[in-house]
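Scroll down for the structure; my scribbles are underneath it.
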Amino acid sequence: MVVNGHPRAHRLLTAGDFRSVFDQVDVKAACPELLLLARTNADAQARLGFIISRKNCRSAVARNRVKRIAREIFRTHYADWPQLDIILMARPGIDQLSKEDLHRLIAKQLQRLTRRWHKSQTAAAE
RNA sequence: CGAGCUGGCCAGGCAGUCGCCGCUUCGAAAGAAGGGGAGGAAAGUCCGGGCUCCAUAGGGCAGGGUGCCAGAUAACGUCUGGGCGGCGAAAGCCGACGGAAAGUGCAGCAGAAAGGAAACCGCCAUUCGCUUGCGGAUGGUAAGGGUGAAAAGGUGCGGUAAGAGCGCACCGCGGCUCUGGUAACAGAGUCGGCGAUGGUAAACCCCACCUGGAGCAAGGCCAAAUAGAGUCCCAUUAAGGCGCGGCCCGCGCUGGGACCGGGUAGGCUGCUUGACCCGGACGGUGACGUCCGGGCUAGAUGAAUGACUGUCCACGACAGAACCCGGCUUAUCGGCCAGUUCGCCUU
């Protein structure tokens, strides 16, 4: 396992950070339970933020579970992610998934997002 | 030992690795070390209080809330003790439990009649008719039948034409007196025959007591940006600045600076030492209070308290702090302890 931390510099912190992603979404990855939105940033490192509403995920315990699992994946594989500001949005039904399913799903979607970003970068370069 | 009742407690343990958020120490910094880091309900937001800002001379009305009595408390719709009623064999549990003799309203169906009543079937008396045991008329009667949640005290005896608190006894109800109790209330005595006072107040209402409004996104501080009403200084047909340009000329545009004043983004604060926790003594039946000693036990703000590995077992429920307390209610895998009731067995 690659050993990494998850300091504040690796997170989206302010309302402005979130707005900038919504204003210009470069890549996204979607599935029924969650949606990833991302924008290339200037810091040359990946940052992660969450939007998990009470409407889509009623229990506070379930909301915490999603965030912890996502952070854990983001942290342990930090070297894999390109210079993106990523927002993870929860969709209805995410609170029905087990811990194992959530882990698999989030890892898969993050990898999809990364692949799409690399593809778009090479396309832009040509 | 079994069945039950009441109260309290725990909420997987241990070890390692990697993370996250405060704190302390060291360090110029990067960072390092040490130590701490969700709950019994953190929840629902249903009550009460603190705190903050706004409003407010005093009083009343309206609106809202509470509702047996006494006490506890910062306060409460909470808690404790007591009373009354109900359930249970008991321990114990449950109860919006003030007023219907101030007024207004409401009550489906059934039933003859539903509120200052009423004669459908009956029962009885008188009387008329005849086919002599049936029909009619007048009156008496609430004992019986039937309807209903409810038919205006109940049971028994007497009484009567048949009946009826018509009379009597006991019970119930109401008034008064006395006794016990702070009180709710209870007990005893006495009077009243009981057409008095039917039910419903989670119907309006009456009575007593309580009650301003908004909430930590409260509120306070710093403050890029950017309107400017203002003050001061400098310049005042200029100089300077900006644009065109390699430079000069030239052309075009334009007063400059500081303070003040707001206050957006953002940051800081409020933010955890408190009606706190633990132990002891004393007072009180108890809730609780007083005193003494000791302790510091999350404080985040895109929001931490987690993940993985090993191991053990009874294989782990409901669930995540957001200003802080006191309750209530609801969710919850299991386990432990204490007290208590009943039954069975043994001595």
Side-chain angles (χ1 to χ4, degrees):
Chain A
M1 190 193 285
V2 184
V3 173
N4 282 309
H6 185 59
R8 285 190 208 278
H10 293 182
R11 308 179 211 164
L12 297 181
L13 294 173
T14 64
D17 294 338
F18 281 81
R19 208 177 310 116
S20 77
V21 175
F22 280 116
D23 287 347
Q24 192 199 323
V25 177
D26 292 331
V27 278
K28 58 184 175 182
C31 69
E33 289 83 11
L34 58 86
L35 172 66
L36 294 174
L37 302 173
R39 174 187 184 163
T40 310
N41 66 31
D43 299 342
Q45 59 182 358
R47 297 194 297 171
L48 182 66
F50 299 98
I51 297 180
I52 301 173
S53 73
R54 205 174 141 74
K55 190 176 149 200
N56 293 337
C57 193
R58 277 202 71 76
S59 148
V61 173
R63 289 196 295 277
N64 278 339
R65 188 169 58 220
V66 173
K67 287 191 273 189
R68 283 167 181 164
I69 290 171
R71 260 191 227 112
E72 193 65 17
I73 297 166
F74 189 77
R75 177 176 78 81
T76 50
H77 299 93
Y78 190 71
D80 297 352
W81 320 126
Q83 57 194 77
L84 284 172
D85 284 350
I86 304 166
I87 295 177
L88 186 153
M89 288 183 76
R91 286 177 158 180
I94 195 162
D95 50 350
Q96 304 297 317
L97 296 175
S98 71
K99 225 158 63 171
E100 291 74 23
D101 288 344
L102 260 175
H103 199 280
R104 266 196 300 278
L105 185 73
I106 295 171
K108 191 176 147 197
Q109 294 300 320
L110 273 171
Q111 282 156 12
R112 276 180 69 196
L113 187 78
T114 308
R115 266 203 312 280
R116 287 185 185 181
W117 183 80
H118 284 304
K119 227 169 169 181
S120 73
Q121 289 303 103
T122 49
E126 284 165 5

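Every chain is numbered from 1 and lettered A, B, ... according to where its sequence line falls, protein lines coming before strand lines. Excluded from the calculations below are hydrogen atoms, water molecules and symmetry mates; all remaining heavy atoms, backbone and side chain alike, are included.
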Taking the same atom, [atom1], in [N] and in [M], what whole-Å distance lies between them?
N      : M      : atom1 : answer
B:A100 : B:C109 : P     : 30 Å
B:A196 : B:A149 : P     : 30 Å
B:A183 : B:C292 : P     : 39 Å
B:C168 : B:C191 : P     : 12 Å
B:A188 : B:C207 : P     : 37 Å
B:U272 : B:A38  : C1'   : 16 Å
B:G116 : B:A151 : C1'   : 16 Å
B:G306 : B:A298 : P     : 15 Å

Do any side-chain nitrogens or oxygens of [X] fall under 4.0 Å of OP1 or OP2 in [N]?
X     : N      : answer
A:R68 : B:G19  : no
A:T76 : B:C18  : no
A:R11 : B:C21  : yes
A:R71 : B:A303 : yes

Glycosidic class, syn or anti, of [N] using a 90° window around 0:
N      : value
B:U131 : anti
B:A137 : anti
B:U297 : syn
B:A300 : anti
B:G174 : anti

When both hydrogen-bonding distances must be under 3.5 Å and the geometry is Watson-Crick or G-U wobble, what is [N] paired with, if anything?
N      : value
B:A208 : B:U66
B:C173 : B:G192
B:G310 : B:C14
B:G180 : B:C185
B:C251 : B:G243
B:U264 : none
B:A203 : B:U104
B:A113 : none

Side chain of A:A60 - closest among B:G302, B:G320, B:G19: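 So the side chain of A:A60 is nearest to B:G320.
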Can you name the nearest heavy-atom pair linking [X] to [Y], along with the distance?
X     : Y     : answer
A:F18 : A:G49 : CZ-CA, 4.0 Å
A:R65 : A:L97 : NH2-O, 3.9 Å
A:H6  : A:R11 : O-NH2, 3.2 Å

A:I51 and A:F22, any side-chain heavy atoms less than 4.5 Å apart: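 Yes, their side chains come closer than 4.5 Å.
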Check: A:W81 side chain, A:F74 main-chain N or O, donor-acceptor pair, under 3.5 Å: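 Answer holds: yes.
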Rounded to the nearest Å, what distance is computed from the [atom1] atom of residue [X] to the [atom2] atom of nucleotide [N]?
X     : N      : atom1 : atom2 : result
A:H77 : B:C18  : NE2   : C1'   : 13 Å
A:Y78 : B:C18  : OH    : C1'   : 17 Å
A:I73 : B:C18  : CD1   : C1'   : 16 Å
A:D95 : B:G320 : CG    : P     : 12 Å
A:N64 : B:U305 : CG    : C1'   : 10 Å
A:K67 : B:A307 : NZ    : P     : 15 Å
A:R75 : B:U305 : CZ    : P     : 11 Å
A:R58 : B:G44  : CZ    : C1'   : 11 Å

Hydrophobic cluster membership, A:V21 vs A:I52, 4.5 Å side-chain cutoff: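 No; A:I52 is not reachable from A:V21 via cluster members.
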B:G302 base stacked by A:F18 (centroids within less than 5.5 Å, tilt under 30°):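 Whether judged by distance or by angle, A:F18 passes, so it stacks on the base of B:G302.
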Aromatic ring pairing A:H10/A:Y78, orientation class (parallel under 30°, perpendicular over 60°, tilted between):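 Geometry flag for A:Y78 against A:H10: parallel rings.
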Sugar-phosphate, base or nothing in reach of A:I69, heavy atoms under 4.0 Å: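 A:I69: no heavy atom of the nucleic acid under 4.0 Å.
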Sugar-phosphate, base or nothing in reach of A:L13, heavy atoms under 4.0 Å: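 Base contact.
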Residue met sooner reading RNA chain B from 5', once A:R63 and A:E100 are mapped to nucleotides: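 Here A:E100 is the residue nearer the 5' end.
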Given RNA chain B, 5'-ward residue of the pair A:L48 and A:H6, judged by closest heavy atom: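 It is A:H6, whose closest nucleotide lies nearer the 5' terminus.
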A:D95: side chain to side chain contact (heavy atoms under 4.5 Å, CB included) partners, not counting sequence neighbours: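 Listed in chain order: A:C57, A:A62.
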